[in-house]
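Note sheet for the following structure.
In this text, all values refer to a predicted model and were calculated from it rather than measured experimentally. All heavy atoms count here, side chains included; hydrogens, waters and symmetry mates do not. Index from 1, following the sequence.
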Amino acid sequence: QVQLVESGGGLVQAGGSLRLSCTASGLTFNRYVMGWFRQAPGKEREFVAAIRWSLRSTYYADSVKGRFTISRDNAKTAVYLQMNSLKPEDTAVYYCAVDPAGGYYSDVYSLTRYDYWGQGTQVTVSS
């Protein structure tokens, strides 16, 4: 059974930085895709960033491009989201997710591709 454990959320002032971590267990092979999504109050869950594990290809939502960086640690099966220049509109619950069969060509932006989700971690950016 795949399990994802997130950490690193918190309260930060606008312009500040946070680093989210997500450690996975139970994954086999290395053709999966790991992603970060977020959900603000009253809004739908939206894509933030993703990484294809074997290729290290990275993908970002336009709203975070240039400010957020997704990376991975193969030895720890962990994925990170470094968030810089945070804005109040980045306030949301952030979720780590994995598509275990993503391979090389899956649609990393599609929420429905991801089979496993973490519990979520709150990020609050004050103005």
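A 4.5 Å side-chain heavy-atom check between Thr91 and Val123 finds every atom pair outside the cut-off. When side chains are defined from C-beta on, Leu81 does not count as touching Thr69, because their heavy atoms never get closer than 4.5 Å. Using a 4.5 Å heavy-atom threshold, the side chains of Leu111 and Glu46 count as separate. Side-chain contact between Val12 and Ser17 is absent, with no heavy atoms from C-beta onward closer than 4.5 Å. With a 4.5 Å cut-off on side-chain heavy atoms, Tyr114 and Val108 count as touching. Using a 4.5 Å heavy-atom threshold, the side chains of Arg19 and Tyr80 count as touching. Tyr32 places none of its side-chain heavy atoms less than 4.5 Å from the side chain of Asp99. Side chains of Tyr59 and Val33 form no contact here, defined as non-hydrogen atoms less than 4.5 Å apart.
Leu20 is connected to Ile70 through a chain of hydrophobic side-chain contacts under 4.5 Å among Ile, Leu, Val, Met, Phe, Trp and Tyr, so both are in one cluster. Leu86 and Phe47 are not part of a single hydrophobic cluster, where members link through side-chain heavy atoms under 4.5 Å apart.
Atoms CH2 and CE, on Trp36 and Met83 in that order, are 8.0 Å from each other to the nearest 0.5 Å. Here CD of Gln82 is found 9.5 Å from OG of Ser21. Values are rounded to the nearest 0.5 Å. Distance check, rounded to the nearest 0.5 Å: CD of Gln1 to OH of Tyr116 gives 5.5 Å. How far OG of Ser127 is from CD of Glu89: 10.0 Å, rounded to the nearest 0.5 Å. Distance check, rounded to the nearest 0.5 Å: SG of Cys22 to CZ of Arg72 gives 14.0 Å.
In terms of heavy atoms, Tyr104 sits closest to Leu55 at CD2-CD1, 3.6 Å. Residues Leu18 and Gly8 come closest through the heavy atom pair CD2-O, 4.0 Å. When all heavy atoms are compared, the tightest approach of Cys96 to Val79 is SG-CG1, 3.9 Å. Closest heavy-atom contact between Ala97 and Leu4: CA-CD1, 3.8 Å. Considering all non-hydrogen atoms of both residues, Gly102 and Arg113 come closest at CA-NH2, 3.7 Å.
The closest side-chain donor-acceptor pair between Tyr60 and Arg67, if any, does not fall under 3.5 angstrom. Inspection of the Ser106 and Arg52 side chains reveals an N or O donor paired with an N or O acceptor under 3.5 Å. For the residue pair Gln122 and Thr124, a side-chain donor N or O sits within less than 3.5 Å of a side-chain acceptor on the partner.
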Evaluation steps, side-chain contact (heavy atoms from CB on, under 4.5 Å), between Val98 and Leu27: CA-CA 9 Å; Val98 63; Leu27 287 169; 3.9 Å; yes

Working for salt bridge (Lys or Arg N to Asp or Glu O under 4.0 Å), residues Lys65 and Asp62: CA-CA 5 Å; Lys65 204 170 292 183; Asp62 288 343; 3.2 Å; yes

Step-by-step side-chain contact (heavy atoms from CB on, under 4.5 Å) determination, Asp115 to Val2: CA-CA 9 Å; Asp115 294 329; Val2 175; over 6 Å; no

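When each of Tyr95, Trp117, Tyr109 is tested with Phe37 by the rule ring pair (Phe, Tyr, Trp, His ring centres under 6.0 Å), just one qualifies, namely Trp117.
Of the possible donor and acceptor atoms, none in the side chain of Gln3 sits under 3.5 Å from a partner among the backbone N and O of Ser25. At distances below 3.5 Å, at least one donor-acceptor pair connects side-chain atoms of Glu6 with backbone N or O atoms of Gly120.
The number of heavy atoms from other shown groups lying within 6.0 Å of CD (Gln119) is above 12.
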